[in-house]
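Just so it is clear, the model here is predicted, and its values are computed rather than measured. Whatever order the structure lists ligands and atoms in, that order sets their numbers, starting from 1.
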Amino acid sequence: MENLIAIAEQFKLQGKTLDIREYGHGNINDTFLVTLDSKTEKHFILQHINTHIFRQPKLIMQNMRTVTEHIRKSASIEKHRWEMPRVLLTKDGLDHWLDSNGEFWRALSFIDNAQSFDTIQDFAHGREVGYALGLFHNLISNLTIERLADTLEGFHITPRYLQLYDEVTERSNAGKSPEVHYCLKFVSERRTWAHVLENAKAQGLLPLRPIHGDPKVNNVMIDTDSGKAISIVDLDTVKPGLVHYDIGDCIRSGCNPLGEETEEWEAVRFEPDLCRAILQDYLSQAKKFLAEIEYEFIYDAIRLIAFELGLRFFTDYLEGNVYFKVRHEKHNLVRSLIQFKLTESIESYEKAIRKIIQDMR
Ligand code: GN1
Ligand code: MG
């Protein structure tokens, strides 16, 4: 704690530090809420970046500043309350602080009078989550991708995760419990199809654009008074990519009412009506830049990102939990079963999901 206070005080803000507590449920970085004795900004967010995963954290800060400054300059947001987190600087004017062990810390402004949820609360909330991603995509659609660094090579490139999975399964001795057997079979039955988005990208059907990378439900901030979406946070994975990764991630997260951390993995299912709500307000914004052909891949994107996340969790389980933080040894196995059950449910609703997308074109 002493140490945390000393780190928090590196970042220029008025007032004495009253409290620091862990905040949110991030799977990679460590996030803290700092409370200050101040009349103006009472809180800010302090984060420790996992540099085993984000190997060039300075580039993350650069991308974050590029995107948030671009959005702040954009005229169209003046009609709504829409706030991007501000990067806070140290006393020396730097956007990060290296502690005595060389660990990387950064601070962001806190978005006041807002909250986020791990699962969709009702259809109105679903529409707000979709709207937030659509507005974000729209606001950065005119930011050229050359201005953004690739901060996490291979992120959301499903064939790359399959390659790692093959390497890991070859040397793993995880045994063959019924759950492990189910996962191995699940992956093997979907291998060929798993190239769908990368193939479409290679064929020039889907363009690279600036993307968020992690637009799950709890990264959308909702105004406590109005219930409206006012921000999308967690900008570490902002980089060039396919908007389909984001659409898939937002919908796999939003349409799983039990959430991605449930114990009842066998009961996990996809909710098509929530999918309609999210897509409706997403597309109200995204239709401004999406080409006709891009709609053809939305169903595959939804199915693929659920499958890919299951594959990433399962690989990490087999590898001994080296990537995602876990609370127990089988945590990543359970997480992968949840995503695979969700994928199965998405597959069972293929016709309905394709019709929802078709009706909105
Ligand atoms: C990770 O750390 P967090 O929760 O923001 C992961 C995402 C996954 C997500 C699943 C850099 O995000 O890709 O979708 O867990 N981030 C990275 O909850 O791998
Ligand atoms: Mg994240």
Looking only at N, O or S atoms in Asp214, which is nearest to the Mg ion (ligand 2)?
OD2

Below 4.0 angstrom, N of the basic side chain to O of the carboxylate: do Arg335 and Glu260 qualify?
no

Note: Ser38 and Gln14 closest approach over all heavy atoms is CB-O, 3.8 Å

Between ligand 1 and the protein, find all N/O pairs closer than 3.5 Å and give the distance for each.
unit_1: ligand 1; atom_1: 2 (O); unit_2: Asn27; atom_2: N; d: 2.9
unit_1: ligand 1; atom_1: 2 (O); unit_2: Ile28; atom_2: N; d: 3.2
unit_1: ligand 1; atom_1: 4 (O); unit_2: Asn27; atom_2: N; d: 3.2
unit_1: ligand 1; atom_1: 4 (O); unit_2: Lys216; atom_2: NZ; d: 2.6
unit_1: ligand 1; atom_1: 5 (O); unit_2: Asp214; atom_2: OD2; d: 2.9
unit_1: ligand 1; atom_1: 5 (O); unit_2: Asp234; atom_2: OD2; d: 2.9
unit_1: ligand 1; atom_1: 12 (O); unit_2: Asp214; atom_2: OD2; d: 3.3
unit_1: ligand 1; atom_1: 13 (O); unit_2: Arg312; atom_2: NH1; d: 2.9
unit_1: ligand 1; atom_1: 13 (O); unit_2: Arg312; atom_2: NH2; d: 3.4
unit_1: ligand 1; atom_1: 15 (O); unit_2: Asn27; atom_2: ND2; d: 3.0
unit_1: ligand 1; atom_1: 18 (O); unit_2: Asn27; atom_2: ND2; d: 2.9
unit_1: ligand 1; atom_1: 18 (O); unit_2: Lys216; atom_2: NZ; d: 2.7
unit_1: ligand 1; atom_1: 18 (O); unit_2: Glu260; atom_2: OE2; d: 2.4
unit_1: ligand 1; atom_1: 19 (O); unit_2: Arg312; atom_2: NH2; d: 2.7
unit_1: ligand 1; atom_1: 19 (O); unit_2: Tyr323; atom_2: OH; d: 2.5

Please report whether the ring centroid of Tyr282 lies less than 6.0 Å from that of His137.
yes

Tell me, please, which residues at least two apart from His25 pass ring pair (Phe, Tyr, Trp, His ring centres under 6.0 Å).
none

Asp234 atom (N/O/S) at minimal separation from the Mg ion (ligand 2)
OD2

If I take every N, O or S atom of Asp236, is at least one of them less than 2.8 Å from the Mg ion (ligand 2)?
no

Could you list the cluster mates of Met221? Members are the ILVMFWY residues connected by side-chain heavy atoms closer than 4.5 Å, either directly or through other members.
Ile111, Ile230, Val233

Applying salt bridge (Lys or Arg N to Asp or Glu O under 4.0 Å), which residue pairs with at least one partner in residues 173-186 are found, sequence neighbours left out?
Lys185-Glu189

If you draw the axis of the six-membered ring of Phe186, does the NZ or CZ of Arg190 fall within 45° of it and under 6.0 Å from the ring centre?
yes

